[in-house]
Amino acid sequence: MTETLSATAYRTIPAGELRAEHAGSPARLAGWVHRSRDLGALVFLDLRDRAGLVQVSFDPTWTPADVLAAARELRAEDVVQVEGTVERRIKVNPNLPSGEVELRATGLRVLTRAEATLPIQVDYAADEELPAEDLRLRYRYLDLRRPELQRNFVTRHRAAHSVRNFLSGEGFLEIETPVLTKPTPEGARDFLVPSRVHRGEFYALPQSPQLYKQLLMVSGFDRYYQIARCLRDEDLRADRQPEFTQIDAEMSFVDEEDVFRVGEGMMATLWRDVLGVEIETPFPRMTYVEALARYGTDKPDLRFDLPVVDVTEILQRSEFRLFQSTMGTAQRIRGIRVPGGARMSRRETDELQDVAKRGGAGGALWVKRGEDGLSGQFAKALDEATLNAFLGVTGLEVGDLFVAVVGPFRSARMGLDEDGRVPTGLEAAADELRRHLARKMNLVDESKHAWLWVTEFPLFDWDPEAGRLVSAHHPFTMPHLDDVLALFAATEGEGTISADDARRLYTLPMRSRAYDAVYNGNEMASGSVRIHDPELQRRIFRSLGIGEQEARTKFGFLLEAFRYGAPPHAGFAFGLDRIAMLLARATSLREVIAFPKTNSARALFEGAPTPVASGDLRDLHIRTLGE
RNA sequence: GGGGCCGUAGCUCAGUCGGUUAGAGUGCCGGACUGUCACUCCGGAGGUCGCGGGUUCGAGUCCCGUCGGCCCCGCCA
């Protein structure tokens, strides 16, 4: 996909599109002065527009004296129109796509001037530091002129365009849903919008079009999509903005396989269109439980393997107090074999302690296998039989390192501890170690595009404060077929579920038909097969502690819709911002969002949020609390 | 809500143990320069050391508070 800009009233061709083939022809260009070089009698300037840069040369041989004098007065970011002839350069600049030619100027018109002292520059040398990000956000229109940043938005546009093309080709209809909607009781904090007409009542901005897209399925549209803005009033991160964009889609008469096929096809097409890269489909699948056990995370980066190995039963028998202490407890000994890791220095192995601690472990234990056997913290504790079993299970070869952590693992046993809390496992430590070691040992294959589906996410999370179940995905997620019986058994009768039954369902655990798409260790999409049966939906609400009356108040319109013939349906939502960020190789969402918010959800450019006049508040029936 | 880092010229940064007139690069202004491309060379201007308070004979530097930015934990169904 390439986009070309056309000739306009101000130009015959975009400056950045000039090439050798244009040599000899007259041209009129319009754009910004990127940089100028005044050599006295000669002046060069680099003219920039969206298409790129081209050199314009002012020389007494072809430039009238008054034009040359005017050219000497030009400064960076003045907007000009220049006229002349495209000619081959005396010396080619290989760093510029237009570097074989220049425009020999015969005419110059200054359209607008930029103030001499710019708050931030547009033009930077390769090794020059960019200004502080708050300044770049304050003067966003200047920062956005930078070719690097412009490229990101071209990438983002291509991604969105590719997605629309693909989904349209698959029969999806683009349908818009409301931005003023109803607050949602579960999940993230809503942005609220006060109603002027209805005193004391509020709209919410949508966290996602979830309910609407399900209603569209009930309405018979069969396949819907929308590149939808979603808003959540939660704290920010480098990869999280309060408003973000999802490729939201829903399909009727489908199961997981249909959804996966569309999602994979969409991503493969997108990667081909934008990067020219072929992605293998179908994506590999892995259940949530598998992912957690094998990689310590529900979004494993499969550009490298480094699986987590359980060596509890083997090492419990060794002469090592910490290992022995796991006997008869739920504690596990798990670790990672690092090929070639034996060459890590003392300093590097020491560093592993901090990495493991970051993940909640007490520390990390390691052994190296050298030519003459094991060395390291627990090397001497293994007798011959234990050693052989250890080497057999881990596959530890000469030159390898094995790093282990000891403690509880969630994936070994779901449940709650005595205080009704969700116990934290050392999966996080394994995950930290795995990613740290891969980076450190250079095991990440940067050329890989490692997609996968993670399936069978838990249906419920536990809210220890309220002592009740909450939806892990959302309350409309279909339970796993094998777990539906347990759900029905626990939700007999009219009322909400008992605390014991709730705990039992959590501990079981109840699995769902929710899934994520993961790319190189990033969560790119999530979705689920939805509930379309009113009775099953009621059971879910009961288990969430939501009674009949409450359900009607909160989700009445959806439940009502389900009473009149709802098709089986499922869908997904991909994060467009994150996709654009990764395609552009950016490290922050702010690099692919034109006007992003800061960490504290402020817009430095336009200065939102802001206090409003008291009269405006009065109209909305709102009074702010004093100190 | 919590932890970490940062705030000095338009911009990027240095500033030693608390001590003379707060420096550099770049940009800006003036001058020179006929093939540059981060042009080069010469000269000049440019400072609320984020803000408020405190300690001190003396604070960019130490202490307290506060504002703003970035990264992370909690949170984000």
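So that the names make sense, note that chain A is the first sequence line, chain B the second, and so on, each numbered from 1. No hydrogens, no waters, no symmetry mates; every other heavy atom, side chains included, goes into these values.
- Across the C1' atoms, B:G53 and B:A59 are found 13 Å apart, a figure rounded to whole Å.
- B:C5 and B:G69 make up a base pair, with Watson-Crick or G-U wobble contacts both under 3.5 Å.
- Dashed line: the shortest gap from a side-chain N or O of A:R37 to OP1 or OP2 of B:U36 is not under 4.0 Å.
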Grab the N/O contacts between the protein and nucleotides 9-15 of chain B below 3.5 Å, and write none if there aren't any.
{"unit_1": "B:G10", "atom_1": "O2'", "unit_2": "A:L118", "atom_2": "O", "d": "3.1"}
{"unit_1": "B:G10", "atom_1": "O2'", "unit_2": "A:P119", "atom_2": "O", "d": "3.1"}
{"unit_1": "B:U12", "atom_1": "OP1", "unit_2": "A:A132", "atom_2": "N", "d": "2.4"}

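- Between A:N599 and B:C70 there is a side-chain polar atom (N or O) within less than 4.0 angstrom of OP1 or OP2.
- Every pair tested for salt bridge (charged side-chain N to carboxylate O under 4.0 Å, His left out) that includes a residue from residues 57-66 of chain A fails, sequence neighbours excluded, so the list is empty.
- With P as the reference atom, B:G7 and B:G15 are 10 Å apart, rounded to whole Å.
- Side-chain to base pairing of A:R232 with B:C76: no donor and acceptor N or O lie closer than 3.5 Å to each other.
- Comparing A:T598 and A:A188 by the nucleotide of RNA chain B whose heavy atom lies nearest to each, the residue mapping closer to the 5' end is A:T598.
- Residues from residues 584-594 of chain A that place a heavy atom under 4.0 Å from any atom of RNA chain B, listed by number: A:R590.
- The pair A:E100-A:R19 does not meet the salt-bridge criterion, since no charged nitrogen lies less than 4.0 angstrom from a carboxylate oxygen.
- Comparing B:C39 with B:G3, their P atoms are spaced 47 Å from each other, to the whole Å.
- With RNA chain B read from its 5' end, the first of the two nearest nucleotides for A:Q207 and A:D235 is the one closest to A:D235.
- Taking a pair to require two hydrogen-bonding distances under 3.5 Å in either a Watson-Crick or a G-U wobble arrangement, B:U61 remains unpaired.
- The closest side-chain heavy-atom distance from A:E256 to A:T455 is not below 4.5 Å.
- Counting only heavy atoms from C-beta outward, the side chains of A:W32 and A:V122 never approach each other to under 4.5 Å.
- Between the CZ atom of A:F191 and the P atom of B:C76 there is a distance of 15 Å, given to the nearest Å.
- Nucleotides B:G69 and B:C28, compared at atom C1', are 26 Å apart to the nearest Å.
- Rounded to whole angstrom, the span from the CZ atom of A:R140 across to the C1' atom of B:G69 amounts to 14 Å.
- The listed nucleotides are B:C71, B:C75, B:A38; the one nearest the side chain of A:A125 is B:A38.
- For A:D123 and B:C39, the CG to P distance is 7 Å, given to the nearest whole Å.
- We find the CH2-CG distance between A:W453 and A:D516 to be 9.0 Å, quoted to the nearest 0.5 Å.
- Look at A:R35 and you'll find a side-chain N or O under 4.0 angstrom from OP1 or OP2 of B:C39.
- Residues passing the ring-ring contact (aromatic ring centres under 6.0 Å, His included) test with A:F595, sequence neighbours excluded: A:F605.
- A salt bridge links A:R37 with A:D46: the distance from a Lys NZ or Arg NE/NH1/NH2 to an Asp or Glu carboxylate oxygen falls below 4.0 Å.
- The ring-ring contact (aromatic ring centres under 6.0 Å, His included) check on A:H474 picks up A:F476, with sequence neighbours excluded.
- With P as the reference atom, B:G60 and B:U21 are 12 Å apart, rounded to whole Å.
- A:N522 places no side-chain N or O within donor-acceptor distance of the main-chain N or O of A:M524, the cut-off being under 3.5 Å.
- The gap from the P atom of B:C73 to that of B:C29 amounts to 46 Å, rounded to the nearest Å.
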In B/S/- notation (B base, S sugar-phosphate only, - none; protein heavy atoms under 4.0 Å), nucleotides 3-8 of chain B written 5' to 3' is ------
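- Among the heavy atoms of the strands lying under 4.0 Å from A:S600 are primed sugar atoms or P, OP1, OP2 only; no base atom is included.
- A:D134 places its CG atom 12 Å from the C1' atom of B:C67, with the value rounded to the nearest Å.
- With salt bridges taken as basic N to acidic carboxylate O contacts below 4.0 Å, one links A:R530 and A:E250.
- Between A:R88 atom CZ and B:C37 atom P there is a gap of 21 Å when expressed in whole angstrom units.
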If a protein heavy atom is under 4.0 Å from the base, mark B; if only from the sugar-phosphate, S; if neither, -; do that for nucleotides 29-35 of chain B going 5' to 3'. S---BBB
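- Rounded to whole Å, atom P of B:C76 lies 15 Å from atom CG of A:D239.
- Applying the side chain to side chain contact (heavy atoms under 4.5 Å, CB included) rule to A:T177 yields the partners A:P209, A:Y212, A:L216, A:Q226; only residues at least two apart in sequence or on another chain are considered.
- Summarising the geometry, the separation between CD on A:E100 and C1' on B:C37 is reported as 16 Å, rounded to the nearest angstrom.
- With sequence neighbours excluded, the residues that form a side-chain hydrogen bond (donor to acceptor under 3.5 Å, both in side chains) with A:D190 are A:T184, A:Q207.
- In terms of the side-chain hydrogen bond (donor to acceptor under 3.5 Å, both in side chains) criterion, residue partners of A:E243 (sequence neighbours excluded) are, by chain and number, A:R229, A:K597.
- Aromatic rings of A:F457 and A:Y288 (six-membered ring for Trp) have centroids within the 6.0 Å cut-off, being under it.
- Within the structure, salt bridge (charged side-chain N to carboxylate O under 4.0 Å, His left out) contacts touching residues 115-129 of chain A (residues at least two apart or in different chains) are A:R35-A:D123.
- Pair assignment for B:G30 gives B:C42, based on Watson-Crick or G-U wobble hydrogen-bonding distances that are each under 3.5 Å.
- Put simply, A:N93 has no side-chain N or O that comes within less than 4.0 Å of OP1 or OP2 on B:U36.
- Scored by the side-chain hydrogen bond (donor to acceptor under 3.5 Å, both in side chains) test, A:K357 finds no partners at all (sequence neighbours excluded).
- For A:R104 and A:T106, the side-chain atoms include no donor-acceptor pair closer than 3.5 Å.
- In this structure, A:R237 reaches the B:C73 phosphate: one of its side-chain N or O atoms is under 4.0 Å from OP1 or OP2.
- Counting any heavy atom pair closer than 4.0 Å across all strands shown, A:D127 reaches a base atom.
- Spacing of C1' atoms, B:A45 relative to B:G10, comes out at 13 Å, to the nearest Å.
- Between the C1' atoms of B:A9 and B:G4, the separation comes to 29 Å (whole Å).
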